[in-house]
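Notes for the one structure printed next.
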Amino acid sequence: MSQPSTIYDVLSMLVDYHRQRSNRFEQLRNESTDPRTKILLEHLVELEGHSVRVIEAEMKPLSPDHSTCLLTGPTLSADNVHAAECRCAGEPSFDDALTCALTADRQLDELLDRIEDSSAAPTVAQLAQRLRDLERTKGQQIARFTRED
């Protein structure tokens with residue numbers, strides 16, 4: 001994994017991260033035979049797609065060449081905790097897919113930390129906070145979606 005040197009780089013890495021999750025959930029949805037799991041995975045694909053669109057909207061006004069430079073920070077993880085802990089291979093059960101969706105991912109936190117630690121500019125710190133809020137909102141939507149009344 002390359003190390004980001006600008007905010008634009010981090011945002012690009014976040015877009016890749018969410019696209020990979022979306023693709024993984026799509027693949028699992030296609031493999032699943034359980035209708036309830038398919039619906040959950042479809043919802044997860046939509047949520048990850050929403051994250052991609054939000055981050056791309058943040059990137060739109062930025063020029064890759066003139067984006068805020070990052071201070072040298074800790075090396076980002078080459079892999080993520082999610083991949084190691086995820087049990088949703090093959091035909092996941094509903095609970096496995098749910099656990100997969102809610103498993104914390106160290107790489108995501110590291111990328112958001114890198115944005116927060118990058119600059120004293122309030123707009124940069126606000127960007128990191130907005131992206132963290134988006135992740136919390138996704139967690140709430142998943143919880144609401146899976147609640148059984």
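The structure displayed is predicted, hence computed values, not measured ones.
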Exercise for the section: Start with the C-alpha gap between Leu108 and Leu14, add the side-chain angles, then the distance that decides, and say whether side-chain contact (heavy atoms from CB on, under 4.5 Å) holds. Expected result: CA-CA 7 Å; Leu108 176 63; Leu14 283 168; 3.5 Å; yes

Exercise for the section: Please examine the side chains of Ile7 and Leu127, heavy atoms only from C-beta on, and report whether any two atoms are closer than 4.5 Å. Expected result: yes

Problem - Separation between CZ of Phe94 and CG of Leu40, rounded to the nearest 0.5 Å - result: 4.5 Å

Exercise for the section: Give, for atom CG of Leu47 and atom CD of Glu42, the distance between the pair rounded to the nearest 0.5 Å. Expected result: 11.0 Å

Problem - Carboxylate-amine/guanidinium contact Arg130 Asp133, below 4.0 Å - result: no

Problem - Donor-acceptor contact below 3.5 Å, side chain Ser12 vs main chain Tyr8 - result: yes

Exercise for the section: Please identify each residue that fulfils side chain to side chain donor-acceptor pair (under 3.5 Å) with Glu48, with sequence neighbours left out. Expected result: His18, Arg21, Lys138

Handout entry: Side chains of Leu131 and Leu11 in contact at under 4.5 Å (non-hydrogen atoms)
Key = yes

Problem - Val15: side chain to side chain contact (heavy atoms under 4.5 Å, CB included) partners, not counting sequence neighbours - result: Arg19, Val52, Ile55, Glu56, Met59

Practice task
Determine the sole option in Gln27, Gln20, Glu26 for which the side-chain contact (heavy atoms from CB on, under 4.5 Å) test with Arg24 is passed.
Solution key: Gln27

Fill in the blank from the handout: Residues at least two apart in sequence or cross-chain that pass side chain to side chain donor-acceptor pair (under 3.5 Å) with Asn30, listed by chain then number, are none

Practice task
Compare every heavy atom of Ala128 with every heavy atom of Glu116, then report the nearest pair and how far apart it is.
Solution key: CG-CB, 3.1 Å

Completion exercise
Between Leu44 and Phe25 the two heavy atoms that sit nearest each other are CB-CD1, 3.5 Å

Practice task
Using side chain to side chain donor-acceptor pair (under 3.5 Å) as the criterion, list what pairs up with Asn23, not counting sequence neighbours.
Solution key: none

Fill in the blank from the handout: Hits for side chain to side chain contact (heavy atoms under 4.5 Å, CB included) against Arg53, two or more places apart or cross-chain, chain-then-number order -> His50

Problem - Short N-O contact, Glu135 and Arg132, less than 4.0 angstrom - result: no

Problem - Test salt bridge (charged side-chain N to carboxylate O under 4.0 Å, His left out) applied to Asp16 - qualifying residues, sequence neighbours left out - result: none

Exercise for the section: Not counting sequence neighbours, which residues clear side chain to side chain donor-acceptor pair (under 3.5 Å) with Gln141? List them please. Expected result: none

